[in-house]
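Worksheet: one structure, shown below.
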Amino acid sequence: MLLITFVALLTLVSSRALSSHKLADLVTTSRQSYIILDAHNDTLSKVINSESWLPKANLGNSTSFEVDIPKLKQGGISVQYFGIWVNEKDYPGRSLSRTLALLNALFATIDNNQNQIQLAGSTAEIEAIIANEKIAAVAAIEGADALTEPHAIKLLYQLYDLGVRVIGFGWYHSNQLAAGYSGTYHNGSPSPPGLTVLGKKLIEQINRLGIILDVSHLPESSFWDVIEHTSDPVIASHSGAYSLHPHFRNLTDEQILAIAGRNGVVNIVFHAPFLTEPLHKASIATIVDHIDYVVDLTGIDYVGLGSDFDGGQMPNDLPNASLYSNIIGELLARGYSQLEIEKILAGNNLRVANQVWRDNSTVLSDVHIELIKPNKMGEIFYESRPQLSAKLSGGLPNPIQEQDIQVILDGKNISFKYDNDSNKITAIPVNQLAQGFHVLSFQATNQQNKVAYETTIFYIK
């Protein structure tokens with residue numbers, strides 16, 4: 001488990017044994033000592049322009065949002081899972097473009113703040129990023145409406161190439177992967193319960209790649225199908241305990257126990273309607289009430305934190321990420337030990353990540369694919385059939401065969417030309433591309449089935 005060296009702290013603290021002044025001192029010291037991992041926010045939706053979906057806000061600056069880099073640092077958050085929330089009903093026919101727009105916003109945030117934040121796809125990368133005093137950003141899809149037949153599996157691999165390491169199948173309505181809470185598709189027609197055939201196929205590929213499955217937004221029929229078909233731990237990225245507060249989005253005791261039985265994590269949400277009624281009673285104490293409940297039910301190893309900042313209604317005493325570390329004070333006051341707090345704040349989620357994010361490297365170390373056009377993430381094209389090109393170099397078979405090369409656009413293989421003399425791949429889409437974001441991959445495979453690949457996002461204006 002990833003840990004930072006800790007200053008000396010009492011391992012078991014009671015609020016009755018400490019003055020408020022001493023407790024405040026402990027919390028201040030702890031903020032600099034603990035790793036904090038937040039398993040969900042919706043901030044990327046605020047970064048993009050509402051019409052073009054191009055990035056407009058820089059999270060490196062102080063903003064009116066509940067999360068930005070200054071607030072993350074002030075709150076002591078070292079690892080942030082950035083939610084990529086997409087709902088087909090709101091963006092009919094544009095779910096993939098919306099998904100890529102939010103991913104592109106994350107890349108733009110990182111590119112604009114390279115000294116402060118970095119994308120992480122493994123626990124080793126998280127450890128290195130934290131050691132360099134940066135924030136580790138993890139890409140997490142909330143609602144996989146973009147993954148549809150017949151291109152879902154190739155799209156899944158493209159999203160993985162872009163760094164997606166957490167996926168929740170649904171949000172509220174049903175889709176091609178799973179039934180949603182509504183029991184209907186986006187057009188209002190009824191849907192069967194549970195996972196679809198495609199959903200079950202995707203779980204096999206998700207387990208193979210090493211992506212964490214998020215069950216927070218699944219109704220029970222889909223939840224239990226995920227538990228049955230996955231071979232890996234799962235997380236609920238932002239949920240509460242139903243027995244403590246009976247909201248349909250919260251988890252029953254049986255669901256919590258099933259997540260623990262899979263060695264997963266229930267991340268307690270901060271959204272007031274999921275915590276208590278009346279809403280004004282929601283507080284840090286209420287959040288910890290839900291932590292207490294899960295701990296009493298399952299033990300200390302299966303609970304974490306998932307705020308839902310910029311996507312929910314926050315408690316009055318925790319309005320944004322800058323005050324996140326105040327949760328430590330409540331945990332200390334209730335007698336949690338240092339080790340227990342470490343697990344709640346990050347350790348349990350990092351354990352799951354370490355188990356699921358397996359090394360899937362099949363990349364040829366001596367082969368390089370250089371993007372020519374687009375040559376950067378999020379490049380804008382003003383024509384609807386742009387020329388897309390890349391150049392191969394290094395230790396590929398000589399001469400390389402065209403059947404060893406693939407160009408994949410939005411999950412579909414497209415035709416291309418390959419020049420053996422220059423090692424240049426060129427592709428022009430046959431049909432006009434829709435305005436918005438698209439994902440492009442160039443791949444080359446050797447005789448050992450190891451792949452050199454480069455995946456990027458571009459925009460048609």
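Side chain of Gln255 to backbone of Tyr242: no donor-acceptor contact under 3.5 angstrom is found. With hydrogens and angles ignored, the 3.5 Å screen pairs a side-chain donor or acceptor of His217 with a backbone N or O of Trp171. Formation of a donor-acceptor pair under 3.5 Å by the Asn348 side chain with backbone atoms of Ile300 is found in this model. For Ser216 (side chain) and Ser237 (main-chain N/O), a donor-acceptor pair under 3.5 Å exists by modelled atom type. Here the side chain of Asp225 pairs a donor or acceptor atom with the backbone of Leu195 at under 3.5 angstrom. A side-chain donor-acceptor contact under 3.5 Å links Ser97 to the backbone of Phe437. The backbone N or O of Ser307 sits less than 3.5 Å from a side-chain atom of Asp38, completing a donor-acceptor pair. Side chain of Asp410 to main chain of His438: no donor-acceptor pair is present (N/O by atom type, distance under 3.5 Å, no hydrogens or angles).
Residue pairs that meet the side chain to side chain donor-acceptor pair (under 3.5 Å) test with at least one member in residues 187-196, sequence neighbours left out, are Ser174-Ser191, Asn187-Ser189. Sorted by first and then second residue, the salt bridge (Lys or Arg N to Asp or Glu O under 4.0 Å) pairs involving residues 230-242 (not counting sequence neighbours) are Asp232-Arg358. The salt bridge (Lys or Arg N to Asp or Glu O under 4.0 Å) pairs that include a residue from residues 78-99 number zero, where partners must be two or more places apart or lie in different chains. For residues 298-323, every residue pair satisfying the salt bridge (Lys or Arg N to Asp or Glu O under 4.0 Å) rule, not counting sequence neighbours, is listed here: Asp301-Lys343.
Salt bridge Glu204/Arg208: absent, no basic N to carboxylate O contact under 4.0 Å.
Considering only residues two or more places apart in sequence or on other chains, Phe107 meets the ring pair (Phe, Tyr, Trp, His ring centres under 6.0 Å) condition with none of them. Residues satisfying the ring pair (Phe, Tyr, Trp, His ring centres under 6.0 Å) criterion with His271, sequence neighbours excluded, are Phe274.
Taking the six-membered ring where tryptophan is involved, the planes of Phe248 and Tyr181 are perpendicular, since the angle between them exceeds 60° and thus also 30°. Relative ring orientation between Tyr324 and Phe270 is described as tilted, the plane-to-plane angle lying within the 30° to 60° band.
With values rounded to the nearest 0.5 angstrom, Trp357 atom CH2 is found 4.5 Å from Ile126 atom CD1.
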